[in-house]
Amino acid sequence: MESIHRHTDVFEKNNLIIPFYSNIHCKSHLLNYSEYSKVIDLNPNSLPGIPLVISGRIYSKNKEAVSNAKIEIWHNTDASAYQNEGNFYFPSQKTLSGFLQTNKNGFYSLKTIRPGVYGYRARHFHYKISAKGHHSLETQIYFKDDPRILIDEIAIVAENCRVIDFKYNHMGYLEGIVDVFLPKT
């Protein structure tokens with residue numbers, strides 16, 4: 001397993017707060033962090049779409065785990081609609097949104113479907129991460145193979161570390177690893 005061990009400051013660009021992401025490529029199987037973290041299902045009603053798993057770790061300086069970090073995540077359906085029935089903290093069963101917390105080692109894992117596309121926007125997930133004693137971060141992550149990144153005015157300025165290389169695993173799920181550096185306050 002190889003990763004880039006560099007940290008950058010939080011900065012604001014296009015009205016988004018952008019964190020540093022470390023895209024780690026490692027040999028894995030479906031739910032590769034399942035031994036560390038409960039997998040949260042953002043698609044409990046099995047809305048149509050390509051199944052997808054995101055796993056990762058929230059960490060601070062010197063790769064210290066950020067336990068109990070709250071990760072709020074939301075995205076649209078395969079048909080490109082945001083489901084906003086209910087509200088964010090008590091969403092309807094259709095929403096493809098919710099939140100989870102990292103375990104004591106800073107790990108998290110979630111299952112959902114690949115977001116759709118709309119207009120010029122590249123496929124993306126919205127992330128908002130907060131933890132006691134750390135700066136809160138709000139951003140979007142993108143799919144490396146999405147050609148819309150080149151015409152999406154928000155995605156085109158995304159650092160390479162926020163463009164994730166999702167790969168199909170042996171079960172037909174797309175898998176991606178999103179590790180996030182969360183600076184201390």
Side-chain angles (χ1 to χ4, degrees), residues 1 3 19 21-60 63-79 81-116 123-132 134 136-146 161-182:
M1 184 183 310
S3 66
Y21 282 98
S22 174
N23 186 5
I24 299 174
H25 302 282
C26 62
K27 293 180 182 176
S28 62
H29 54 84
L30 179 63
L31 308 179
N32 54 1
Y33 285 141
S34 61
E35 67 214 65
Y36 304 109
S37 171
K38 179 181 175 187
V39 179
I40 303 300
D41 188 355
L42 294 183
N43 188 20
N45 281 356
S46 301
L47 293 173
I50 296 171
L52 180 140
V53 173
I54 298 174
S55 300
R57 185 169 183 250
I58 309 299
Y59 65 93
S60 63
K63 295 287 186 177
E64 295 170 11
V66 179
S67 61
N68 297 313
K70 181 178 181 179
I71 304 170
E72 300 171 72
I73 188 167
W74 63 99
H75 66 93
N76 64 6
T77 66
D78 187 53
Y82 281 94
Q83 303 292 309
N84 57 6
E85 299 170 12
N87 67 51
F88 190 79
Y89 293 99
F90 298 100
S92 73
Q93 289 297 306
K94 293 184 177 182
T95 60
L96 301 177
S97 67
F99 69 94
L100 62 147
Q101 288 188 297
T102 58
N103 70 7
K104 67 180 181 180
N105 297 313
F107 289 102
Y108 72 96
S109 190
L110 64 96
K111 181 177 137 182
T112 189
I113 57 173
R114 184 179 70 171
R123 293 181 196 278
H124 61 278
F125 289 97
H126 297 269
Y127 267 69
K128 183 176 181 183
I129 305 166
S130 56
K132 186 176 182 177
H134 293 79
S136 293
L137 303 174
E138 187 172 334
T139 194
Q140 297 175 21
I141 63 167
Y142 302 95
F143 289 71
K144 184 177 182 178
D145 66 349
D146 191 341
C161 52
R162 292 192 303 122
V163 180
I164 307 303
D165 192 11
F166 285 91
K167 298 285 186 188
Y168 283 98
N169 65 21
H170 68 282
M171 294 180 65
Y173 280 62
L174 278 173
E175 241 182 327
I177 297 174
V178 180
D179 288 349
V180 181
F181 171 67
L182 194 65

4.5 Å side-chain heavy-atom contact, [X] and [Y]:
X	Y	value
Pro51	Lys111	no
Ile50	Asp78	no
Tyr59	Phe181	yes

Which heavy atom in [X] sits nearest to a heavy atom in [Y], and how many Å separate them?
X	Y	result
Arg57	Tyr108	N-CE2, 3.7 Å
Asn76	Pro115	OD1-CB, 3.2 Å
Ala131	Leu182	CB-CD2, 3.8 Å
Ser60	Val66	N-CG2, 3.8 Å
Gln101	Asn68	NE2-O, 3.4 Å
Ile141	Ile54	CD1-CD1, 4.3 Å

Establish, from distance only, whether the side-chain atoms of [X] and [Y] form a donor-acceptor pair under 3.5 Å.
X	Y	result
Ser136	Ser130	no
Arg162	Thr139	yes
Ser97	His75	no

Distance from [X] atom [atom1] to [Y] atom [atom2], nearest 0.5 Å?
X	Y	atom1	atom2	value
Thr77	Ile113	OG1	CD1	6.5 Å
Phe99	Lys70	CZ	NZ	5.0 Å
Ile73	Gln140	CD1	CD	11.0 Å
Ile164	Arg123	CD1	CZ	15.5 Å
Ile58	Ser67	CD1	OG	11.5 Å
Thr112	Leu47	OG1	CG	8.5 Å

Query raised in the report: For Phe107, does its backbone N or O pair with a side-chain atom of Asn105 as donor and acceptor, under 3.5 Å?
Result: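 Side chain of Asn105 to backbone of Phe107: no pair is present.
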
Report task. Please identify each residue that fulfils side chain to side chain donor-acceptor pair (under 3.5 Å) with His126, with sequence neighbours left out. Result ->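 Listed in chain order: Tyr82, His124.
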
Requested in this report: Can you spot which of Leu110, Leu52, Val178 makes a side chain to side chain contact (heavy atoms under 4.5 Å, CB included) with Phe125?
Outcome: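 By the side chain to side chain contact (heavy atoms under 4.5 Å, CB included) criterion, Phe125 pairs with just one of Leu110, Leu52, Val178: Leu52.
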
Query raised in the report: Under 4.0 Å between a Lys/Arg side-chain N and an Asp/Glu carboxylate O for Asp165 and Lys167?
Result: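 So Asp165 pairs with Lys167 through a salt bridge.
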
